[in-house]
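All chains are named by letter (A, B, ...) in the order of the sequence lines, taking the proteins before the strands, and each is independently numbered beginning at 1. The figures that follow rest on heavy atoms only: side chains count, while hydrogens, waters and symmetry mates do not. None of these values were measured; they are calculated from a predicted model.
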There are 2 protein chains.
Amino acid sequence: MNPPSTTQVTTRSHSVALTADCAIFGYSDDSLRVLLVRRAVEPFKGFWVLPGGAMQQDETLRGTADRLLRDLVNVENIPIRQVGTYSALKRHPIRRVVTTSYYALVSPDDHDPIAREHLDQVMWCSMDKLPELGFDHREILDDAYEKLKDELRQQPLAFHLLPESFTLKEAQEVYESILGEDLDRRNFRRKILAYDFLINTEEKKPGIKGGPELYRIDDSKLENHLQ
Amino acid sequence: MNPPSTTQVTTRSHSVALTADCAIFGYSDDSLRVLLVRRAVEPFKGFWVLPGGAMQQDETLRGTADRLLRDLVNVENIPIRQVGTYSALKRHPIRRVVTTSYYALVSPDDHDPIAREHLDQVMWCSMDKLPELGFDHREILDDAYEKLKDELRQQPLAFHLLPESFTLKEAQEVYESILGEDLDRRNFRRKILAYDFLINTEEKKPGIKGGPELYRIDDSKLENHLQ
DNA sequence: CCAAAAGTGTTTCGGATACACCCATGC
DNA sequence: GCATGGGTGTATCCGAAACACTTTTGG
């Protein structure tokens with residue numbers, strides 16, 4: 001049995017690299033998607049992976065994740081949550097890399113830019129059709145997706161995946177594709193209309209039979225429901 | 001906007017130390033307790049902190065946490081969960097230390113040994129009477145406690161805090177002190193007896209009016225309910 | 001005008017809560 | 001024997017789930 005000296009940092013750092021990896025979720029073309037990037041160098045050259053980067057000296061891990069989001073999708077102040085930290089010995093085949101993962105939710109209003117420039121190196125990949133991922137990113141992504149599902153059941157997060165105005169049907173479809181289950185239309189409407197952050201714009205979405213009403217979010221009120 | 005090169009580990013490690021800190025919870029003398037150790041060196045010399053240690057070269061963070069538990073309370077194979085990773089720039093005043101926190105639940109059958117030897121450096125501190133903690137350990141402990149509460153509401157974790165045999169009243173008291181609310185006796189009994197992992201030992205606990213029945217856990221069945 | 005989708009209310013069910021009496025034991 | 005705590009069953013409440021018809025619009 002050791003004395004409490006175990007509480008000190010007694011050992012040298014073995015040049016462990018610290019990184020942040022980010023599962024950036026979006027919703028488009030009727031499916032939940034995650035942003036993947038293609039590795040340009042070994043190891044796992046040519047594999048798709050979650051975007052990630054090394055934590056800089058003057059940065060927190062959260063700061064690293066924020067920076068990735070700025071660089072890749074040019075957004076700030078969107079919901080982002082820490083998921084977990086992965087430290088298996090051989091998760092990176094060459095050197096010791098410990099990574100902390102986050103997930104983030106971006107609206108389709110924001111996630112166009114990058115797609116045009118690096119079509120061959122970046123993709124919004126449907127969660128139904130994931131390729132093999134490099135490193136342990138499949139496990140990291142699965143954990144992030146599970147956490148997203150857990151949180152969505154407890155708070156109305158999914159609206160961050162919708163454009164500025166949307167129909168309730170569209171909101172329901174986002175919920176359904178994240179949770180992977182069908183929801184009753186009337187129960188769903190009742191439930192989310194019970195919140196006070198949905199504003200009926202009094203406009204109707206053209207081009208769709210039935211003439212569905214468009215809603216938008218009162219951001220300041222939505223914040224009361226988060227966390 | 002950066003190209004996907006952000007996905008590579010391009011920067012040098014700045015000798016960031018990686019540690020694991022552990023909120024080890026136990027239940028004794030009618031209250032939920034957490035194991036604290038007293039810092040023997042600067043910074044925060046003399047302050048109480050959560051037990052923690054540096055991740056070794058051949059170790060995962062989880063391995064570090066397991067080692068702490070072996071050294072401090074001499075237990076293995078008890079429930080342990082990762083809570084979060086803390087990377088604020090000045091959380092350690094001298095060097096950069098990033099820590100990943102865990103919480104663990106130990107039974108009173110296990111948590112005697114250390115207390116005798118290092119009475120002045122280790123204590124099982126009631127969660128109601130926490131001293132000021134060094135570093136950001138108060139925040140880490142609060143987060144761990146919140147996570148414990150969340151998980152307890154969803155799965156029957158608290159039995160790991162009880163001795164081998166116990167009365168339902170004792171189990172209820174553990175639940176009540178973790179959740180911080182009073183529970184109805186009959187509803188509580190109904191709920192946990194509905195699980196199949198409680199075995200009535202047919203013995204009664206002596207020395208208590210009413211002659212309460214003693215129960216024990218069928219570990220293999222309990223496992224079905226965890227995670 | 002007809003097909004497709006949107007909008008709306010009520011009933012039912014199940015789990016959680018509230019609650020009161022009898023029984024066993026310690027002193 | 002009496003005070004204290006243990007053990008048990010039922011009525012109620014509330015949120016979730018199930019369910020069908022009318023209205024609006026596009027073609």
Side-chain angles (χ1 to χ4, degrees), chain A residues 27 29-30 149-159 162-163 165-217 225, chain B residues 27 29-30 149-159 162-163 165-217 225:
Chain A
Y27 185 84
D29 300 316
D30 302 316
K149 276 196 277 191
D150 284 350
E151 298 206 31
L152 182 63
R153 287 193 194 96
Q154 296 184 351
Q155 41 182 321
L157 269 175
F159 298 95
L162 288 162
S165 75
F166 52 86
T167 66
L168 294 188
K169 181 74 184 305
E170 290 167 338
Q172 182 175 344
E173 282 167 351
V174 172
Y175 268 82
E176 288 176 335
S177 53
I178 295 176
L179 298 178
E181 61 191 72
D182 289 344
L183 301 174
D184 181 85
R185 196 166 80 250
R186 288 156 291 188
N187 293 336
F188 177 78
R189 294 171 64 86
R190 182 183 12 251
K191 183 173 175 176
I192 65 167
L193 287 175
Y195 294 123
D196 58 349
F197 56 74
L198 282 177
I199 300 170
N200 190 327
T201 64
E202 309 289 337
E203 294 170 46
K204 298 197 167 190
K205 180 155 184 167
I208 295 179
K209 292 178 185 174
E213 294 167 350
L214 284 167
Y215 287 80
R216 63 184 176 80
I217 291 293
H225 295 272
Chain B
Y27 186 85
D29 300 316
D30 302 315
K149 277 197 276 192
D150 284 350
E151 298 206 31
L152 182 63
R153 288 193 192 96
Q154 297 184 352
Q155 41 181 320
L157 268 175
F159 297 96
L162 288 163
S165 75
F166 52 87
T167 67
L168 294 189
K169 180 74 183 305
E170 290 167 338
Q172 183 175 344
E173 282 166 352
V174 171
Y175 268 81
E176 287 177 333
S177 52
I178 295 177
L179 297 178
E181 60 191 73
D182 289 345
L183 302 174
D184 181 87
R185 197 165 81 250
R186 287 157 292 187
N187 294 336
F188 177 78
R189 295 171 63 86
R190 185 185 7 253
K191 183 173 175 176
I192 64 167
L193 287 175
Y195 294 122
D196 58 349
F197 55 76
L198 282 178
I199 301 169
N200 189 328
T201 63
E202 309 289 337
E203 293 170 48
K204 299 197 168 189
K205 182 156 183 166
I208 296 178
K209 293 178 184 174
E213 295 168 349
L214 284 166
Y215 287 80
R216 62 184 176 81
I217 291 294
H225 294 273

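Atoms CZ (A:F188) and P (C:dA6) sit 12 Å apart, rounded to a whole Å. Rounded to whole Å, the distance from CD on B:E202 to C1' on C:dA24 is 16 Å. Atom CG in B:L179 sits roughly 11 Å away from atom P in C:dT17 (whole-Å rounding). Look at NZ on A:K191: it is 10 Å from C1' on D:dG15, rounded to the nearest Å.
Under the salt bridge (Lys or Arg N to Asp or Glu O under 4.0 Å) criterion, A:D184 pairs with A:R186, not counting sequence neighbours. With sequence neighbours left out, the side-chain contact (heavy atoms from CB on, under 4.5 Å) criterion links B:N200 to B:E202, B:E213, B:Y215. Taking A:E203 as the reference, nothing meets the side-chain hydrogen bond (donor to acceptor under 3.5 Å, both in side chains) condition, with sequence neighbours excluded. Under the salt bridge (Lys or Arg N to Asp or Glu O under 4.0 Å) criterion, B:K205 pairs with B:E170, not counting sequence neighbours. With sequence neighbours excluded, no residue forms a salt bridge (Lys or Arg N to Asp or Glu O under 4.0 Å) with A:K204. Under the ring-ring contact (aromatic ring centres under 6.0 Å, His included) criterion, B:F166 pairs with B:F159, sequence neighbours left out. Among residues two or more places apart in sequence or in another chain, the side-chain contact (heavy atoms from CB on, under 4.5 Å) test is passed with B:E181 by B:L179, B:L183. Residues passing the side-chain contact (heavy atoms from CB on, under 4.5 Å) test with B:K169, sequence neighbours excluded: B:T167, B:E173. For B:E151, the side-chain contact (heavy atoms from CB on, under 4.5 Å) partners two or more places apart in sequence, or in a different chain, are B:R81, B:Y103, B:K147, B:Q155, B:L157.
The side-chain heavy atoms of B:I192 and B:Q172, taken from C-beta on, include no pair separated by under 4.5 Å.
At a non-hydrogen distance threshold of 4.0 Å, B:K169 from residues 166-176 of chain B come into contact with DNA chain D.
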Each nucleotide N or O in nucleotides 8-11 of chain C that has a protein N or O under 3.5 Å away: list the pair and distance.
from, atom 1, to, atom 2, distance (Å)
C:dT8, OP2, A:R189, NH2, 3.2

So which protein N/O to nucleotides 25-27 of chain D N/O distances come out below 3.5 Å?
from, atom 1, to, atom 2, distance (Å)
D:dT25, OP1, A:K204, NZ, 3.3

